[in-house]
Every structure is written in structure tokens, then in C-alpha cells.
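Report on the following structure.
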Amino acid sequence: MLDRKDQKSTQQDQFSKARMILAQTLGSEQAHQLFKEDEDSTPVAHKVFTNAPVIFMLVLQRLGKGYSLEQVVQELLKHHKDLLPQNNKRVREGRLSENTSAYSRARGEISLDKVKNFCQLVADHIAQRAPFTFDQRRVFIFDATTISFQPTMELQKHFPPASNQHGQGVWPIALISVVAELHSGCITAADIGAMYGENNTSESKQLKSLCHRIPPGSIILGDSNYGIFANAYAASRGGCQFLFRLTKQRFKAHISAQDTVELKDRETKATKDSPATKTYYRMWFPTDKERRNNPELAGLPRGSGIEVLIHQITLANSSEPIFLITDLEVDAQSVALLYQSRYDVEFSIKDVKVTMDTESIRARKYDTVMKEIYGSLIAFNLVSQFRRQAAELAGVSPRRLSFTSAWLTFRYRLLDAKLENADDAQSAYQKALEIAGKKKLSIRSGQRSYPREAYQRAPKSSKFPRRKPRILQSKLAEKANVDGQKNQRDATPD
């Protein structure tokens, strides 16, 4: 039996900072799951980068805002060497090379399913513990964005570039749909597909594939791209309720269906505290075109539909109304307040793409690109969960805290800190939560004083300058030669 001194020494030998941080953020079961396969498998003496270090390094790349392979290997050896298998002689003797080839090979060998499974494990953990935010239910916001990759033939095959009347471009474009939990902002599910090409996907197709990942009884929120019957049916079939925005054209189509629509609440005028509203009731049926385009609707019996309320809402700061369709039996003002939170998902997407620099993935192979995207989602959710815990300690809403500040605190106070044992890790984690909880965002006193603008696309032409055609190049060279001879003659004295 070990004495107290030997027990303490053994605990320190088994201490892993990465495992402790994951356990503090997500819970011990999720942290254990990442390392379980490595522990259960037969140890390979010469293998340094097993599954757990590789997945953690994928996350580190994004927590470091796009670390290169060399940077992430150096980060691992400097701050997380305890994550590597101690049965390896080079690890024990501190003789590991900083060369990136071993990590690059291990990143290629680990299966995409293992990375996706751990990403889903983290997302499920967060979704199941999300608090109720509306009518004693959880709210999940759907939105989509595009992202471009390196112009390699393999990526162009999976994500065809856009094309126009001049031909096809070179940049592979992917469409990524995400589901963000309203309270914490964590991304609990994602679907990645081609934006263009014969096998392209769409926001509607991706919503259907993601609906089964939403806990039954939740509310699904989406903008006007989702306001069609097929999406409403997918939400209802999954045991959820929905709130979608309608385009003006779709709203007019609903109202013109005289046999299935009736005015429920007459128009109320806007006041200082509430918008002008008008509400219609309708029994919503799929059209013949929707049945043809959506196989899941083909077997739906005729006369089967969804009871919905259609709200026409004019906000105080807008002259144009917005149109919302929902199966929630709540008043228009409550629906309007709930829909305003839809814009929160745009901040989550911005933090994934811009703050954590996912839009600049350097990988050139399909599997590696997908692994880096899922690594980015794990990293984002770790920081979001850390921010939620800091907000709970500070007694504020998670979105009241700056994501960037939470990310930097998580990175420098935990990942880069020198922690010798579990007591140091727990103390450092509590201190980091206190620091992050103090970095509150200011509350805007009034309406935005400037119009919303989209971020300008980064000019990628600087990386790949356009070449002039060879014929044009020869003509330019010939012209330069003629001009040179002429200048020489002009400079020669008579």
C-alpha cells in the first residue's frame, strides 16, 4: 500500500492538464471519453500522437487562431507534453522532435468519424444542459454560411466552385448550416455540404438532416430562407415547434388563400413599448410542387396540414413590416421579442469564422478540411461553455460577456499556464472564470447609429495573382523590346 507521499507523486505523474481543463469545462465523463480509446487500446511504444493528442491539437489549432502545424507542435511540447503517452521512451527522456511530419501523418490517419463523434459528444452535453429560455422550453436557432477552401482538385471535386457566364471559378465553396442554442450561443449541431454543383445541398435540406439532433419539445427559429412547409413539417415531425420569418411574396401567398386563412387579431397600433401587429390564423397545407420536390411529403395524406399563426409586425424603428409564421400559441409581441434573438446566431458564426479564423483553413485534402472544421466547432463550444460558466458565476447572461475576452482568458490563463497538479488546475480554472466574468460588454443605450454592413471578403487574388495569357505576354515582350530600341536610338547623339 502506497503512503501519502507516494500517492501524491503518483497523482502528479498521472496528471494531464488537457484532461483537467476538459473535465472542468465539460464534465469528467466527456473528458474521459476522449482518452478512453487510447487507454483501452494496446499501447504502441513508438507511436507518440495517439487519438487524444491529435484531437486536442486540432482544437488547439483553432484556439490559437489558426496555428500552423509547426506552431501547434511547439505548443503541445511546451505546455501539454503530459498529454502524450508516457510509455514512449522519447517522451520520457524529452527527446521529441519539433518536426511536423509525425503530427501531419497522425492527423491524416485518425478517422473523421472519431473527430465527429467527439464533436457531437461535446454538443450533446451542452444541449442537454441548456436552460429553458422561452415558455419553459429551449430555443435553437438555425442559420447557414459559406466558407471557401484552398483551390485543390480534391476539394473542388467535393465542393465545386461557383460559375457564371465566363466559366467556373477556382475556389471550393461549402455551405455550412449550424444550430446554436439561444442562451449560451453554443453550436450544438452542424451540417456541411457543397454549395454548387450537381450534388449541391441547401439550407432546407440541411435543416431536415439536423432536426433529429434537436431535443423534442424545443423551439426552432429561422429566418426567411426557412419559411416553407417542408421545414415546418420536419420540425413538427421531430417533436419541436417552429418560428420562421416569411418573405413578402410568401406572406401574400398565404393571405390570398381565402379558404384556409382568417383574421384572428385585428391590427393594433404601435406604442412606445410595443410594435404594431396584425395576426392571421391558417391551416397550412403543402402545395403540389412542394410534394413533388420533397419526397417526405409525397406520402402525406391529402388534407393533412399544420395549424399556424401568421403575424404581421411593424417595429417602431422601421416602416416596413416583417412577417412571421409559427405554430406557437402566443401573442404577436412575444413572438416579435423571440425573433429578435435570431440575430444572435450571426455573432456565433462570426466568432467561428472570423475570431477563431476558421475561414482561413490551410488544409488541402477533404478529410483534413472536415477534421479542422469539426475541431473548430469543438474549440468554439469549449470557449462558449467556459463563457457560460463565467456568466453564471458573475450573475449575468452569457452573451453579456465578450466571446473574444473569454477566448483569450481561456487560452492564456489555462492552456498556456504552468500547472503542476490537479489542485493548481482547479484553482487556475476558478480564477480564470472570475477574470472572464468581469469583462462585460457595454449595453447600447439606443438604436444603432449606423447601418449594418457585411464584412468585406478578403482579397485572395493577392495569393494567386492572375497570369496574363501567353500570347498577350509575347506581345507585351515584343512591344517592350521595340520601345527599348526606340529609346536607345533617341538617346544616341547624332
Side-chain angles (χ1 to χ4, degrees), residues 16-35 51-67 72 75-76 79-80 83 114-130 178-181 183-190 347-358 371-393 398-399 401-417 419 425-426 428-437 439:
S16 167
K17 182 168 69 171
R19 187 196 292 259
M20 290 300 301
I21 292 173
L22 287 174
Q24 292 280 351
T25 310
L26 298 174
S28 57
E29 181 60 31
Q30 283 67 32
H32 176 69
Q33 191 70 25
L34 176 59
F35 297 90
N51 290 329
V54 170
I55 293 178
F56 192 75
M57 290 170 79
L58 284 170
V59 176
L60 270 181
Q61 279 190 266
R62 209 47 52 196
L63 289 173
K65 196 175 183 179
Y67 275 155
V72 78
E75 185 74 12
L76 181 81
H79 297 293
H80 305 282
L83 190 62
K114 284 187 174 66
V115 183
K116 288 176 66 174
N117 289 341
F118 184 69
C119 182
Q120 194 59 51
L121 183 75
V122 173
D124 290 343
H125 171 82
I126 294 170
Q128 291 166 6
R129 287 158 179 77
V178 299
V179 183
E181 193 276 317
H183 179 74
S184 64
C186 296
I187 293 177
T188 59
F347 293 102
S348 295
I349 290 175
K350 185 210 74 166
D351 288 328
V352 173
K353 289 181 63 175
V354 181
T355 306
M356 309 192 83
D357 204 30
T358 304
K371 291 169 189 174
E372 288 208 27
I373 291 176
Y374 285 109
S376 300
L377 296 179
I378 297 170
F380 172 80
N381 283 335
L382 284 175
V383 177
S384 295
Q385 184 75 339
F386 173 77
R387 180 178 65 168
R388 187 193 67 77
Q389 293 172 346
E392 186 177 347
L393 187 65
R399 291 192 179 275
L401 301 182
S402 165
F403 178 88
T404 302
S405 296
W407 161 58
L408 292 174
T409 303
F410 188 88
R411 177 179 169 184
Y412 293 119
R413 293 279 178 172
L414 296 176
L415 293 176
D416 293 352
L419 307 177
Q426 187 170 3
Y429 196 87
Q430 291 301 315
K431 183 65 176 178
L433 288 178
E434 294 174 7
I435 293 172
K439 298 179 179 180

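Just so it is clear, the model here is predicted, and its values are computed rather than measured. Position 1 is the first residue of the sequence; numbering continues from there.
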Under the criterion side-chain contact (heavy atoms from CB on, under 4.5 Å), I'd like the reasoning laid out for Phe380 against Thr358: C-alpha separation, chi angles, the key distance, then a yes or no. CA-CA 10 Å; Phe380 172 80; Thr358 304; over 6 Å; no

Would you please test Val178 and Ser348 for side-chain contact (heavy atoms from CB on, under 4.5 Å) and show each step? CA-CA 10 Å; Val178 299; Ser348 295; over 6 Å; no

Would Met57 and Gln61 count as a side-chain contact (heavy atoms from CB on, under 4.5 Å) here? Give the steps. CA-CA 6 Å; Met57 290 170 79; Gln61 279 190 266; 5.8 Å; no

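In this structure, Leu414 and Lys17 have side chains that are not in contact, with every pair of non-hydrogen atoms separated by 4.5 Å or more. The shortest side-chain heavy-atom distance between Val383 and Leu63 falls under the 4.5 Å cut-off.
With rounding to the nearest 0.5 angstrom, the CG atom of Leu76 is 8.5 Å from the CZ atom of Phe56. The distance from the CZ atom of Arg411 to the CG atom of Asp416 is 6.5 Å, given to the nearest 0.5 Å. In this structure, NZ in Lys350 is found 12.5 Å from NZ in Lys353, a value given to the nearest 0.5 Å. Distance check, rounded to the nearest 0.5 Å: CG of Leu121 to CD1 of Ile378 gives 9.5 Å. In this structure, CZ on Arg129 lies 12.0 Å from SG on Cys186, to the nearest 0.5 angstrom.
Listed by chain and number, the residues in a side chain to side chain contact (heavy atoms under 4.5 Å, CB included) with Asp357 are Arg62, Lys65, Glu359, Ser360 (sequence neighbours excluded). Applying the ring pair (Phe, Tyr, Trp, His ring centres under 6.0 Å) test to Tyr67 and every residue at least two apart in sequence or in another chain returns nothing.
When every heavy atom of Thr188 is checked against every heavy atom of Glu181, the shortest pair comes out as CG2-CB, 4.2 Å. Heavy-atom minimum distance, Leu26 versus Gln385: CD2-CG, 4.4 Å. Pairing each heavy atom of Ser384 with each of Phe403, the nearest pair is OG-CE1, 3.7 Å. In this structure, Leu401 and Gly437 approach most closely via the heavy-atom pair CD2-O, 3.6 Å. The shortest non-hydrogen separation linking Ala406 to Phe386 is O-CE2, 3.7 Å.
Checked by atom type and distance alone, the side chain of Lys371 never pairs as donor or acceptor with a backbone atom of Val115 at under 3.5 Å. With hydrogens and angles disregarded, a donor-acceptor distance shorter than 3.5 Å links the side chain of His80 to the backbone of Leu415. Here the side chain of Arg387 pairs a donor or acceptor atom with the backbone of Ser184 at under 3.5 angstrom. Panel note: side chain Lys439, backbone Thr404; no donor-acceptor pair is recorded below 3.5 Å. In this structure, Asp351 contributes its side chain and Met356 its backbone to no donor-acceptor pair below 3.5 Å. Side-chain atoms of Thr25 do not come within 3.5 Å of backbone N or O of Leu382 as any donor-acceptor pair.
At most 12 non-hydrogen atoms from other residues, nucleotides or ligands lie less than 6.0 angstrom from CD of Gln426. Residue Arg413 places its CZ atom among 12 or fewer non-hydrogen atoms of other residues, nucleotides or ligands, all under 6.0 Å distant.
The ring of Tyr374 has its center no closer than 6.0 angstrom to the ring center of Phe118.
Counting only N and O atoms by type, the side chains of Asp124 and Gln120 include a donor and acceptor under 3.5 Å apart.
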